[in-house]
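Have a look at the structure below, then the notes.
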Amino acid sequence: MRHRIFCLLTALGVLSLGISIVPPAWATGSQPNDHAGGTLRILAQSDAGTLDPQISYVALTKMVETPVYDTLLTYPKFAGLAAQPVIANLAEAVPTPEDGGRTYRLTLREGLHFSNGAPVTVEDVAASFRRLFKVGSPTAGPYYGALVGAQACLELPATCTLAGGIETHPQIRQIVFHLTEPDPEFLDRLAWIHSVILPADTPARDMGNSPIAGTGPYRIAEYDPTTVLKLERNPYFQEWSHNAQPAAMPDEVHISFGLDSEAAVTAVENGQADWMYENVPLDRLGEVGSRYADQVRIYTPLLFYYATLNVHEPPFTSLKVRQALNYAVNRHAMIIYRGGSAVASPSCQILPKGTPGYEPFCFYTFGASPTHPAISWVRPDMQAARHLVEESGMAGHKVTIIVPSEQHGSATAEDIRNTLEILGFKATVRSVSPAIAFTYIQNTQNHVQIALTGWNADYPSASSFLRTLFSCQTFHPNSDNSPNYSGFCDPHIDQLMDKAAMLALTDRVASNQAWAKVDREIMVQAPLVPLSQTQRVVLLSRRAKNIVTTLNDEILFSQIQLK
């Protein structure tokens with residue numbers, strides 16, 4: 001069976017997208033309007049959670065809302081090496097940093113409108129950044145904390161003014177950002193979805209299931225988190241930059257929730273749906289590869305899967321236990337659960353391959369250690385793991401593994417449960433709905449010891465993994481907006497992160513080397529067990545054409561042509 005899957009996935013690999021070095025011909029000019037129209041039908045196993053684009057941190061929601069909302073800057077909407085760096089979106093041009101990187105001046109495009117017909121103004125821009133702090137956006141501090149006035153907003157969100165941080169000049173449509181210190185990734189953060197521009201009168205609370213007016217080619221027409229999300233054309237949209245926000249192809253998009261992956265494959269094969277959002281399940285890869293290979297797309301996002309270990313909950317308060325589990329986990333099994341070696345590879349570190357600053361190493365494999373690392377994972381070292389558990393004195397503790405109830409997670413969780421039992425712990429698995437898993441494991445009130453999760457880069461940078469997941473700034477006890485699941489906080493490592501970030505202003509190579517050191521320093525303390533890096537294997541209907549993928553936005557469903 002494994003040989004059959006490997007051969008079929010190897011054949012499917014020739015369809016891999018995202019490798020082109022130049023943008024496609026249409027990406028620099030006119031759009032193929034001759035193919036516009038129809039209703040795109042997407043299937044997703046679980047709903048997208050809150051629709052609030054400044055709060056949601058779920059990949060599905062980001063994918064759905066990419067053609068609904070806009071930021072001042074963005075990454076180009078095409079694949080390949082040319083899709084970096086950021087380009088102008090709602091702003092007329094990418095600004096040149098002033099005052100040593102502390103000041104950024106942007107001019108808002110003329111003639112922009114929200115989907116409710118209201119014009120977009122510089123006050124909407126200023127209000128949107130204040131709202132980031134008022135609603136407790138999970139990236140408000142780590143991404144926008146350098147704005148003048150941001151610290152006061154973090155301390156007292158309800159009264160946030162960002163006084164001195166944002167300056168507006170309505171007569172010339174200009175917005176000026178003032179930072180307390182240079183931020184080499186500030187332009188990237190102006191392209192991150194939490195900085196979307198919303199109407200100034202948007203309430204300063206999580207809007208949940210209620211759509212907010214946006215500026216993109218679609219607007220949200222209906223949302224029931226148990227059944228469906230519908231998008232329709234925004235009648236006020238006029239394309240201002242095809243590379244930044246191209247006009248939509250389908251007239252409508254219907255995303256149906258709740259169908260399991262097995263049924264979703266069958267629905268797409270039969271032409272009852274156009275795209276299943278989740279990966280093709282392992283037991284259907286042979287069938288898909290032999291009969292529907294021309295309908296499969298494979299691409300590699302900056303994404304890795306891991307087990308997060310709560311450093312505040314026994315037994316993972318012990319460094320030795322955390323290191324022991326890293327030694328003991330069978331990563332060969334982990335990649336089998338993710339589809340085999342054709343689409344997955346074992347991971348020993350935080351930064352996925354392809355991330356700036358990535359330098360391969362493995363501390364926790366047979367014959368290796370933090371002082372004598374290997375280049376890559378070889379096999380488990382159970383002797384080292386048992387020795388560490390014995391030294392920790394933690395054997396016998398009860399451990400509950402939290403896992404989203406989806407196809408890959410259950411097998412992975414059971415394997416890790418068995419490993420913990422072998423090491424002397426009393427382990428059980430608890431499945432939770434994927435719709436709540438992300439927020440559940442963040443909140444310290446739930447006392448999660450270990451959970452299976454994954455992380456996709458917000459944008460191509462080491463900090464998107466290292467700072468977001470493991471800095472003191474991103475750990476917020478008793479909050480659903482605390483992406484530092486492990487609660488890991490080391491002021492020394494935070495200083496190393498600050499140094500790595502600042503080096504990017506003058507020496508990108510040195511900056512990448514510094515981020516690689518941060519990766520190693522965090523792995524010494526093992527607040528996680530890296531498991532695998534995977535490719536996405538998605539199935540589309542026979543009528544779905546013009547499939548465009550990007551490093552940051554996955555498949556651009558707004559560009560799918562229905563024939």
Side-chain angles (χ1 to χ4, degrees), residues 84-86 95-104 138-151 154 165 177-192 194-195 302 304 306 311 319 348-363 370-371 373 455 457-476 482-528 530:
Q84 296 184 59
V86 295
T96 300
E98 305 172 23
D99 187 27
R102 292 180 176 83
T103 299
Y104 294 81
T139 57
Y143 283 9
Y144 310 100
L147 285 167
V148 173
Q151 291 307 308
L154 290 169
F177 293 96
H178 296 286
L179 310 184
T180 57
E181 58 185 12
D183 180 356
E185 295 185 5
F186 188 66
L187 295 179
D188 297 278
R189 290 162 181 175
L190 292 182
W192 170 236
H194 287 163
S195 68
L302 292 181
F304 84 120
Y306 64 102
V311 301
L319 170 61
C348 264
Q349 61 191 99
I350 302 163
L351 295 181
K353 185 177 182 180
T355 309
Y358 169 80
E359 292 180 4
F361 69 91
C362 189
F363 293 158
T371 54
W455 194 259
D458 294 345
Y459 51 87
S461 77
S463 70
S464 186
F465 292 97
L466 302 174
R467 194 188 291 275
T468 302
L469 296 177
F470 300 105
S471 73
C472 299
Q473 279 186 314
T474 57
F475 177 51
H476 309 294
S482 183
N484 184 343
Y485 308 130
S486 65
F488 179 81
C489 174
D490 186 320
H492 170 66
I493 290 180
D494 272 17
Q495 290 175 1
L496 293 179
M497 293 186 194
D498 292 340
K499 178 182 176 182
M502 295 307 295
L503 274 171
L505 292 170
T506 56
D507 189 337
R508 182 67 64 176
V509 173
S511 173
N512 288 341
Q513 291 172 345
W515 281 117
K517 180 180 179 181
V518 173
D519 193 359
R520 293 190 295 271
E521 291 284 339
I522 295 175
M523 281 310 304
V524 169
Q525 299 195 45
L528 77 160

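Keep in mind the model is a prediction, meaning the values are calculated, not measured.
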Can you tell if the side chain of His194 reaches within under 4.5 Å of the side chain of Pro138, non-hydrogen atoms only? yes

Do Trp515 and Leu496 have side chains that get closer than 4.5 Å, going by heavy atoms? no

Can you name the residues that form a salt bridge (Lys or Arg N to Asp or Glu O under 4.0 Å) with Arg508, not counting sequence neighbours? none

Any heavy-atom pair between the side chains of Val86 and Leu190 that's under 4.5 Å? no

Can you say whether the rings of Phe186 and Tyr104 are parallel (under 30°), tilted (30 to 60°) or perpendicular (over 60°)? tilted

Aromatic rings Phe304 and Tyr306: how do their planes relate, parallel, tilted or perpendicular, breaks at 30° and 60°? parallel

What is the distance from atom CD1 of Ile493 to atom CD of Glu521, rounded to the nearest 0.5 Å? 5.5 Å

Taking the side chain from Thr355 and the backbone from Ala462, do they hold a donor-acceptor pair closer than 3.5 Å? no

Here the pair of heavy atoms bringing Leu503 nearest to Ala514 is CD1-CB, 4.0 Å

Between Pro491 and Cys472, what is the shortest heavy-atom contact and its length? N-SG, 4.2 Å

Mind listing the closest non-hydrogen atom pair of Met497 and Leu466 along with its distance? CE-O, 3.4 Å

Kindly say whether His476 contributes a backbone atom to a donor-acceptor pair with the side chain of Ser482 at under 3.5 angstrom? yes

Without hydrogens or angle criteria, can the side chains of Asp183 and Tyr143 be said to hold a donor-acceptor pair below 3.5 Å? no

Residues forming a side chain to side chain donor-acceptor pair (under 3.5 Å) with Tyr358, sequence neighbours excluded: none

Considering all heavy atoms, the nearest Leu179-Gly101 contact: CD1-O, 3.7 Å

Least distance between heavy atoms, Pro182 atom then Met502 atom: O-SD, 3.4 Å

Ignoring hydrogens and angles, tell me if any N or O in the side chain of Thr180 forms a donor-acceptor pair with the backbone of Val148 under 3.5 Å. no

Quick check: does any side chain N or O of Thr474 sit under 3.5 Å from a backbone N or O of Ser471, one acting as donor and the other as acceptor? yes

With Glu185 via salt bridge (Lys or Arg N to Asp or Glu O under 4.0 Å) - residues at least two apart: Arg189

So, taking the atom named CG in Leu351 and the one named CZ in Phe465, what distance separates them when rounded to the nearest 0.5 Å? 7.0 Å

Tell me every residue that passes side chain to side chain donor-acceptor pair (under 3.5 Å) with Ser486, counting only those two or more places apart in sequence or in another chain. Asn484

Applying salt bridge (Lys or Arg N to Asp or Glu O under 4.0 Å), can you list everything that pairs with Asp507, at least two apart in sequence or on another chain? none

Would you say the side chain of Met523 lies within less than 4.5 Å of the side chain of Asp519, judging by non-hydrogen atoms? yes

Decide yes or no for Phe363 and Arg520: does some side-chain heavy atom of the first lie under 4.5 Å from some side-chain heavy atom of the second? yes

Is the shortest heavy-atom distance from the side chain of Leu469 to the side chain of Phe488 under 4.5 Å? no

Do side-chain atoms of Ser195 reach the backbone of Trp192 as a donor and acceptor pair under 3.5 angstrom? yes

All side chain to side chain donor-acceptor pair (under 3.5 Å) counterparts of Asp494, not counting sequence neighbours: none

Answer yes or no: is there an ion pair linking Glu359 with Lys517, defined by an N-O contact shorter than 4.0 Å? no

For the residue pair Phe470 and Tyr485, establish whether any side-chain heavy-atom pair is separated by less than 4.5 Å. no

Hey, are the side chains of His178 and Leu147 touching, using non-hydrogen atoms and a 4.5 Å cut-off? no

Can you name the nearest heavy-atom pair linking Pro460 to Pro356, along with the distance? O-CG, 3.7 Å

Value for CD (Gln473) from OG1 (Thr139), rounded to nearest 0.5 Å, stands at 11.5 Å

